[in-house]
Peer 1: 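Questions regarding the structure given below will be posed in turn.
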Amino acid sequence: MIRIPTSHLGAWKALLRAHTTAVGRIETKLGGRGHIPLVEYDVLLELQNAPDGKLRMAELAERVVLSRSGLTRLVDRLEKQGYLQREATPLDRRGTQAVLTVAGRAALKAAWPVYAEGIREHFTRFLQEDEAQVLTTLLERIATAPVLVMK
């Protein structure tokens, strides 16, 4: 049986509670003001940060941590809203890439002040600068750690 120290299990539970609480409150604030949900925001932001505002579907799914089927449904919705469009990948016509549209950029720009306010209100106001740096270091270590194969 795998044993986890009580302090580590407490840290895990606190991380999950903090994430769920902050994200839920930010989602409520965005929706209440008529902006796109966070999952849509995250997809559009990844496209905005990509070269030429384009990413292959597989790479986009990896960056936003969605399954391919989940991303396909989300991209369908974003395409219907006019926030992105699909196009064939130039070097591999079988592949598809998502392309950010002008409307998608506008949706990001409109939502950002509410999102930033939510981040400040529900997350950053609780952190001192040195704590933010430590937290970033720890979470990046976890996010970039190689997968450990258990036997």
Side-chain angles (χ1 to χ4, degrees), residues 1-4 8-124 127 132 135-151:
M1 173 183 242
I2 297 175
R3 297 198 181 267
I4 299 173
H8 291 183
L9 192 54
W12 173 249
K13 289 178 180 180
L15 172 67
L16 294 178
R17 276 195 318 273
H19 176 268
T20 299
T21 301
V23 167
R25 290 175 179 168
I26 293 169
E27 280 282 7
T28 299
K29 187 173 287 227
L30 285 167
R33 296 195 191 165
H35 295 292
I36 59 176
L38 275 179
V39 68
E40 292 182 9
Y41 187 95
D42 288 344
V43 167
L44 297 178
L45 185 63
E46 288 300 332
L47 290 173
Q48 178 175 279
N49 292 335
D52 301 322
K54 302 175 183 182
L55 283 173
R56 291 179 62 95
M57 294 292 287
E59 187 175 2
L60 183 57
E62 196 174 283
R63 289 186 184 195
V64 295
V65 193
L66 286 174
S67 67
R68 285 186 187 227
S69 62
L71 180 65
T72 299
R73 287 189 297 276
L74 181 56
V75 166
D76 288 344
R77 190 167 66 238
L78 290 168
E79 190 171 33
K80 286 177 186 169
Q81 294 170 319
Y83 295 150
L84 61 76
Q85 61 188 31
R86 285 185 178 102
E87 62 182 38
T89 306
L91 300 176
D92 177 8
R93 293 289 180 189
R94 295 172 296 165
T96 304
Q97 59 188 7
V99 182
L100 185 63
T101 64
V102 171
R105 288 183 193 281
L108 280 170
K109 186 176 181 180
W112 172 245
V114 177
Y115 189 16
E117 178 183 300
I119 292 168
R120 186 201 54 75
E121 182 179 343
H122 303 295
F123 183 70
T124 62
L127 299 173
L135 184 58
T136 300
T137 299
L138 293 171
L139 294 175
E140 285 296 327
R141 183 185 315 152
I142 293 166
T144 60
V147 175
L148 181 61
V149 178
M150 303 293 266
K151 292 184 180 183

Peer 1: Can you tell if the side chain of Leu78 reaches within under 4.5 Å of the side chain of Ile36, non-hydrogen atoms only?
Peer 2: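 With C-beta onward as the side chain, the pair stays apart.
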
Peer 1: Picking from Arg63, Arg56, Lys54, what satisfies salt bridge (charged side-chain N to carboxylate O under 4.0 Å, His left out) with Glu46?
Peer 2: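 Of all the options given, the one that passes is Arg63.
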
Peer 1: Please report the closest heavy-atom contact between Leu55 and Ala50, naming both atoms and the distance.
Peer 2: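 So the minimum-distance heavy-atom pair works out to CG-CB, 3.5 Å.
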
Peer 1: May I have the step-by-step check of side-chain contact (heavy atoms from CB on, under 4.5 Å) for Phe123 and Leu135, ending in yes or no?
Peer 2: CA-CA 12 Å; Phe123 183 70; Leu135 184 58; 3.8 Å; yes

Peer 1: CG of Leu138 to CG of Leu15: how many Å apart, nearest 0.5 Å?
Peer 2: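 If I round to the nearest 0.5 Å, the distance is 10.5 Å.
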
Peer 1: Identify the two heavy atoms, one from Leu84 and one from Ala98, that lie closest to each other, and give their separation to 0.1 Å.
Peer 2: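 That would be CD2-CB, 4.4 Å.
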
Peer 1: Counting C-beta onward and ignoring hydrogens, is there a side-chain heavy-atom pair between Asp76 and Arg86 closer than 4.5 Å?
Peer 2: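 Side-chain contact under 4.5 Å: yes.
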
Peer 1: Start with the C-alpha distance between Arg25 and Glu121, add both sets of side-chain angles, then the distance that settles salt bridge (charged side-chain N to carboxylate O under 4.0 Å, His left out), and finish with yes or no.
Peer 2: CA-CA 9 Å; Arg25 290 175 179 168; Glu121 182 179 343; over 6 Å; no

Peer 1: Nearest 0.5 Å, what's the CD-OG1 distance between Gln81 and Thr101?
Peer 2: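 Output value for this atom pair is 10.0 Å.
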
Peer 1: Answer whether the closest heavy-atom distance between the side chains of Leu108 and Tyr83 falls below 4.5 Å.
Peer 2: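 Not in contact.
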
Peer 1: Enter the distance from His122:NE2 to Thr21:OG1 here, rounded to the nearest 0.5 Å.
Peer 2: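 Output value for this atom pair is 10.0 Å.
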
Peer 1: Do Lys13 and Leu16 touch side chain to side chain, with heavy atoms closer than 4.5 Å?
Peer 2: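 Side chain of Lys13 against side chain of Leu16, heavy atoms only: no contact under 4.5 Å found.
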
Peer 1: Specify the closest pair of heavy atoms between His8 and Ile4, including all atoms of both residues, with the distance to one decimal.
Peer 2: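 Taking His8 first and Ile4 second, the nearest heavy atoms are CB-CG2, 3.9 Å.
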
Peer 1: Within a reach of under 6.0 Å around CD of Gln48, are more than 12 heavy atoms found that belong to other residues, nucleotides or ligands?
Peer 2: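 Yes, CD of Gln48 has more than 12 neighbouring heavy atoms, counting only those of other groups under 6.0 Å.
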
Peer 1: Before giving the answer on side-chain contact (heavy atoms from CB on, under 4.5 Å), spell out for Lys29 and Ile26 the whole-Å C-alpha distance, their side-chain angles and the decisive distance to 0.1 Å.
Peer 2: CA-CA 5 Å; Lys29 187 173 287 227; Ile26 293 169; 5.6 Å; no

Peer 1: Which heavy-atom pair separates Ala103 from Gly82 by the least distance, and what is that distance?
Peer 2: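 Shortest heavy-atom separation between Ala103 and Gly82 comes out as CB-O, 3.4 Å.
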
Peer 1: Would a 4.5 Å heavy-atom cut-off, applied to side chains only, mark Glu40 and Arg77 as touching?
Peer 2: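 Result yes, sub-4.5 Å side-chain heavy-atom pair found.
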
Peer 1: Between CG of Asp42 and OH of Tyr115, what distance do you get to the nearest 0.5 Å?
Peer 2: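 These two atoms lie 5.0 Å from each other.
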
